[in-house]
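See structure below.
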Amino acid sequence: MGSQYKEIAKKALWTDNPVIRQILGICSALAVTNLVSNTLVMGLGVAFVTAFSSFTVSVLRNIIPIRVRMMVQTLIIAFYVILVDILLKAFYPDMSRALGPYVGLIITNCIIMGRCEAFAQSNKPVISFYDGLMSGLGYTLVLTAIAVVRELLGFGTIFGLRILGDWWVPWTIMVMAPSAFFVLASIIWVTKTFALKKEKTAGQKVIRGVQASGN
Amino acid sequence: MEISPFLIFFASIFTSNILLTNFLGMCSYLSISKDLKSALGLGEAVIFVMSVTSVLNYLVYKYILIPFDLDYLRFIIFIIVIAAFVQLVEMILERFMPRLYYTLGIFLPLITVNCAILGVALFLVIREYNLLQSLAYGAGGGIGWTLAILALAGIRQKVDESKVPKGLQGPGFAMIVTGIMALAFIGFSGIISIQ
């Protein structure tokens, strides 16, 4: 049982990361990543919604009729998103204004629906909760990486603290939309090359193993 | 000062393109942009659904949610309006225009989960547009989205044969192209701004 949990964490955070490996949830991934603090709040919001909607879907999985399950799942997700929205408005009104419509757009984030469909629909509640949480954290991880690059180069700060001194000339492009595409593309490029290399060496090992046994 | 609907229409196509500046509707944008024909089909469906649902959502918000103080339910209501409208269009098309249904039909379900549609509805509320402005924003947003996906599909078809580093193939490459397109669209931004 323990190994199953480990496997899920590894998959969600790295080998099957929802953003860089499955290219899901890109919209919000790009829009909020110009400041690290915004990104963290957004990421944790998504992790919260993914975890609890996976849990709820899993609890109700034998009750929901198959034909209307999409609609029910959407409503469950929307319910948690409203919770996040209200909490943000109540405790961090500035943050809520900065994120604008993107909090509401968590509903259409394909990661959440994807986890409900692919995992929670056929698994027990606790492990579904864990799976959703890990997927959400995998998403947060990539977003934070993008945000660190963008905020550091765009403002010379991280979390609003000055890291690079006065000599630093901020790259205005990092604050604007196109840079998000470039940074995410570079991250995908690097990780994919890495994964391909790994697959290749693994494949060679298998071939060598076969040859060795043949001899 | 109130922005005229015409300006909003123009701006939402070029200067504040919903895809290139607000990053909405990326999922279907990346996955359906492999050939021009299906990109156009999806684009047409998006323009139609976005124009109508922006008006519907505006009416629902103004005349149902506000008077009954149900503002906080808007996420759920907007999603339901969009899903119901898409379902309705699908049924009408199937019944009366079967030929159009076969070309457009496969794209309709995709639209329900297209975040650009929901995004437009949420922006309407935040920016406090009136009815005409909403219509202009919805139609312009749809056309802008279609423009972007058509451009990407065209470029992808052209560079299909060229050698791209293995790790960059597919989504990575599409994203870099999109980034360059977004840079080009920034060139328009001096003309008008609605944000």
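If you tally non-hydrogen atom pairs under 4.5 Å between each of B/L122, B/I80, B/V125, B/L20 and chain A, the highest count goes to B/L122. Most heavy-atom pairs under 4.5 Å with chain B, from the set A/T74, A/V190, A/L105: that is A/L105. Among the candidates B/L30, B/T178, B/I117, the residue making the largest number of heavy-atom pairs closer than 4.5 Å to chain A is B/T178. Interface remark: of the candidates B/L24, B/L168, B/L19, B/I126, B/L168 forms the most heavy-atom pairs closer than 4.5 Å to chain A.
When all heavy atoms are compared, the tightest approach of B/I76 to A/F79 is CD1-N, 4.4 Å. Contact detail for A/F182 and B/I176: the closest heavy-atom pair is CE2-O, 3.6 Å.
For A/N109, no part lies near chain B; criterion is any non-hydrogen pair under 4.5 Å. For A/I107, the part lying near chain B is the side chain, with the backbone staying farther off; criterion is any non-hydrogen pair under 4.5 Å. Within the 4.5 angstrom heavy-atom criterion, only side-chain atoms of A/M71, from C-beta onward, approach chain B. Of the atoms belonging to A/F194, not a single heavy atom falls under 4.5 Å from chain B. Within the 4.5 angstrom heavy-atom criterion, atoms from both the backbone and the side chain of B/L118 approach chain A. There is no contact between A/K197 and chain B, counting heavy-atom distances below 4.5 Å. In this structure, chain A has heavy atoms under 4.5 Å from both the backbone and the side chain of B/L73.
The closest side-chain heavy-atom distance from B/I79 to A/T108 is below 4.5 Å. Contact of the B/Y72 side chain with the A/D85 side chain is not registered, since no non-hydrogen atoms from C-beta on lie closer than 4.5 Å. Between A/I173 and B/L183, some side-chain heavy-atom pair lies under the 4.5 Å cut-off. For the pair B/I180 and A/P178, the minimum side-chain heavy-atom distance is 4.5 Å or more.
Taking the six-membered ring where tryptophan is involved, the planes of A/F181 and B/F23 are tilted, since the angle between them lies from 30° to 60°.
A donor-acceptor pair under 3.5 Å is absent between the side-chain atoms of A/K192 and the main chain of B/G172, judged by distance alone.
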(request) Evaluate the side-chain contact (heavy atoms from CB on, under 4.5 Å) criterion for residues B/M175 and A/I188: first the C-alpha distance (whole Å), next the side-chain angles of each, then the deciding distance (0.1 Å), finally the verdict. (result) CA-CA 10 Å; B/M175 234 170 267; A/I188 291 177; 3.8 Å; yes
